[in-house]
Amino acid sequence: MNHSNTVLYLAETTITTGLAVPPVPTPVTVSEFPPFAVQEPSTTHWQNVLIEGFYFLAAVLFILGLKRMSSPVTARGGIVWAGIGMVLATLVTFLYPNLGNLGLIVIAIMVGALPAWWLAKHVAMTDMPQMIALYNGMGGGAAATIAAVELIKGTQHSLIVQTLAVLGAIIGSISFSGSIIAFAKLQSIMKKSWLFANQQLINLVLFIITLALGIFILIQGPATATVIIILFFSFALLFGILMTLPIGGADMPVVISLYNALTGLAVGFEGFVLGNAAMIIAGTVVGAAGTLLTQLMARAMNRSLGNVLFSGFGATGGQEMTEADVQGSLKPIDANDAAIMMAYAQQILIIPGYGMAVAQAQHKIWELTKALIEREVRVKFAIHPVAGRMPGHMNVLLAEAGVPYDIIYDLDEINAEFAQTDVALVIGANDVVNPIARTDPSSPIYGMPILNADKAKNVIVIKRGRGTGFSGIENLLFYADNTRMLYGDGQKMAAELLQSVKAL
Amino acid sequence: MIEGFTALYIFMLAAFTGYEVISRVPVILHTPLMSGSNFVHGIVLVGAMVALGHADTTLEKTIGFIGVILATGNAVGGYVVTERMLEMFKSSKGGTK
């Protein structure tokens, strides 16, 4: 009896790795209270089955949730499923064997949850991209801290697992500091793209130093001095900052998506370190899904990932267009005439751009749409993949105004319909309807897929003034014979159109 | 502990799953889906909890504490933001699904 108990106790110590845990009973105590000694290991086993079972359930819920989130009909349910998975996984983690610092854990969860919840509830829909960047960065940072604790503690791992810990640390740190920069840029805290001499060379050197420190940590193993580990993390964080600084605001969505994938990967790697299946599966799934999403976005923006990461936007920019290149003139129209044109049309396609959201015109536009539908005009929304600040952002903004998703079409679905369209209403969009992308190989936006608004019988452009678009390129559509310009603030013009249509 | 080829198999299968699960997503859902996948890697919270729960020295505890705060922010913020966006998607036949 005594002999078997001692064996059990030894088995226990190897699992606990001697951490700050409730005092482990000495063998003497064990033999004094045989009932407890027999029960203790079976309790741990029962806990492990419960934890692994719930992690498994959470992983299934995450995958099903993501699957549901990829169709508009089931999307809402998808996030709820994933949410249930997260709550289950978090709660069951409290049963982890020998989990200490419970008070600290609860406090940290409260400190993290309350501001995040409040901020997420109150942020405007137009600011969604930077919020995603912020929360994503936090996840990457968390993955890096897991690696930091493991490395400082010097837990003995196999070389492969140790390598994954170091890789996860680098990736997580880059994702953290990079996402913070992305957030600052989109929030306009930081306005400029920082370009300086030898930037790419400096970044390369920084990356090599980070890698070298990582390899050094691998060779030294648990004996590595804490200072080296701190230095390693500092360089990884610095690299994330400098890598993101030169990237322009227009390319940020691709970068945020990339960091999202990276965080997933880092979480997966740290999952291997902790032997945590839920983290491995959820992290890897997000890593793969995020990579695909990044590719889709980059393709929609006609940018390659390498292009986004290694050149500031505009650095490759084409030559300025002179007035002589533009044929025709800008022909203004007033709201009343535009309203008549629209009210007697059979089909209208509305092309909204980020300018519409800035002017907060989406609610008025939806009211106008409803008034036109009442007059039995077919109205559809045509969305360019980069309308808004990231692919799909415009859909969110329209959904906020109440526009149902089944009258919203994306570029591939709608482009053939412009020829049968009486009026194309362009509001707050510019480069995405510029026909120069089809015709002029010297233009920086040449080759970008555009909405063929110029093929419609009539085009009405609501625009604040005569300036050029984001890329600074003259828009040939505005000078076309079938185009009329409705100058003014988006919201005000939409209201006037609405009034005129109702008065007819 | 998950080691060696078992780990590699899990990694490979999970990667394919992630790729397949969203491969047919329409552009209109790109932003919410990115936000949703951002929420899913909030699972890092369980790892951060374990790291803090097993931390001994003040330095380890401090880093672990920051880790749990960051991970909670990722999970909670990611959920609320995604839910707010998806809540708004309605069909013209009426009703949120």
Side-chain angles (χ1 to χ4, degrees), chain A residues 19-20 62 66-67 69-70 72-73 75-76 79 83 89 93 99-101 105 108-109 111-113 116-117 120 131-132 135-136 138-139 141-143 145-146 148-149 260 263-264 267 270 274-275 278-279 281-282 284-286 288-289 292 385 390-393 395-396 399-400 404-406 410, chain B residues 1-2 10-11 14-15 17-19 21-22 25 27-31 33-38 40-56 60 63-83 85-86 88-92 97:
Chain A
L19 304 169
F62 287 154
L66 277 177
K67 178 80 198 154
M69 267 187 263
S70 53
V73 185
R76 176 78 196 283
I79 183 67
T93 303
L99 199 72
N101 301 328
I105 292 178
I109 288 178
V111 172
W117 182 82
M131 287 320 285
I132 298 175
Y135 294 133
N136 172 54
M138 294 173 89
T145 61
I146 294 173
V149 172
N260 184 40
T263 302
V267 170
E270 298 311 326
L274 297 175
M279 281 170 70
I281 293 171
T284 311
V285 165
V286 172
L292 176 62
M390 61 167 73
H393 189 204
N395 303 83
V396 173
E400 186 192 19
Y405 62 77
D406 47 9
D410 64 28
Chain B
M1 210 56 155
I2 307 148
I10 295 177
F11 186 77
T17 308
Y19 203 85
V21 145
I22 70 145
V25 62
V27 179
I28 69 161
L29 282 172
H30 275 185
T31 295
L33 188 71
M34 182 162 137
S35 179
S37 58
N38 172 41
V40 168
H41 65 54
I43 190 67
V44 70
L45 174 59
V46 303
M49 285 169 70
V50 172
L52 175 57
H54 290 171
D56 302 321
E60 289 167 21
I63 297 173
F65 190 73
I66 295 170
V68 176
I69 292 178
L70 290 176
T72 313
N74 182 182
V76 173
Y79 182 85
V80 176
V81 161
T82 313
E83 217 249 347
M85 279 194 271
L86 290 177
M88 299 178 317
F89 278 87
K90 291 186 191 76
S91 144
S92 57
K97 299 219 176 94

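Quick note on labels: first sequence line is chain A, next is B, and so on, each numbered from 1.
Contacts of A:A282 classified as side-chain contact (heavy atoms from CB on, under 4.5 Å), with partners at least two apart in sequence or in another chain: A:F62, B:V40, B:I43. Applying the side-chain contact (heavy atoms from CB on, under 4.5 Å) test to B:T72 and every residue at least two apart in sequence or in another chain returns A:I109, A:A113, B:L45, B:V68, B:V76.
No other option in B:S37, B:A51, B:A15 has as many heavy-atom pairs under 4.5 Å with chain A as B:S37. Among A:A120, A:A116, A:G141, the residue with the largest count of heavy-atom pairs under 4.5 Å with chain B is A:A120. Among B:T17, B:I66, B:L52, the residue with the largest count of heavy-atom pairs under 4.5 Å with chain A is B:L52. Counting heavy-atom pairs closer than 4.5 Å to chain B, the top residue among A:D410, A:T263, A:I132, A:L66 is A:I132. Chain B forms the most heavy-atom pairs under 4.5 Å with one residue out of A:A143, A:A89, A:A142, and that residue is A:A142. Counting heavy-atom pairs closer than 4.5 Å to chain A, the top residue among B:A75, B:G64, B:S35 is B:S35. Between chain A and the options B:I63, B:V46, B:V81, the largest number of non-hydrogen pairs under 4.5 Å is found for B:V46.
The structure places OH of A:Y135 at 10.0 Å from OG1 of B:T82, a figure rounded to the nearest 0.5 Å. Atom CE of B:M85 is separated from atom CZ of A:R76 by 13.0 Å, given to the nearest 0.5 angstrom. Taking CE from A:M69 and CG from B:L29, the interatomic distance works out to 10.0 Å, rounded to the nearest 0.5 Å.
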(request) Could you walk me through whether A:N395 and B:T31 pass the side chain to side chain donor-acceptor pair (under 3.5 Å) test, one step at a time? (result) CA-CA 9 Å; A:N395 303 83; B:T31 295; over 6 Å; no
(request) Begin from the C-alpha positions of B:V44 and A:I146 and carry the test side chain to side chain contact (heavy atoms under 4.5 Å, CB included) through to its verdict. (result) CA-CA 9 Å; B:V44 70; A:I146 294 173; 3.7 Å; yes
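The two residues A:K67 and B:V21 have their closest heavy-atom pair at N-CG1, 3.6 Å. The nearest pair of heavy atoms linking A:A288 to B:Y19 is CB-N, 3.9 Å. Taking all atoms of both residues into account, the shortest heavy-atom contact from B:E60 to A:V149 is O-CG2, 3.8 Å. Summarising the geometry of A:T284 relative to B:F11, their closest heavy-atom pair is CG2-O, 3.4 Å, with the distance given to 0.1 Å.
Remark: the B:H54 side chain and the A:N101 side chain contain no N/O donor-acceptor pair separated by less than 3.5 Å.
Taking 4.5 Å as the limit, every side-chain heavy atom of A:I105 sits out of range of all side-chain heavy atoms of B:F65. Side-chain contact check for B:H41 versus A:M279: every heavy-atom pair is 4.5 Å or farther apart.
For chain B, no part of A:E270 is nearby; none of its heavy atoms comes within less than 4.5 Å.
Formation of a donor-acceptor pair under 3.5 Å by the A:N136 side chain with backbone atoms of B:N38 is not found in this model.
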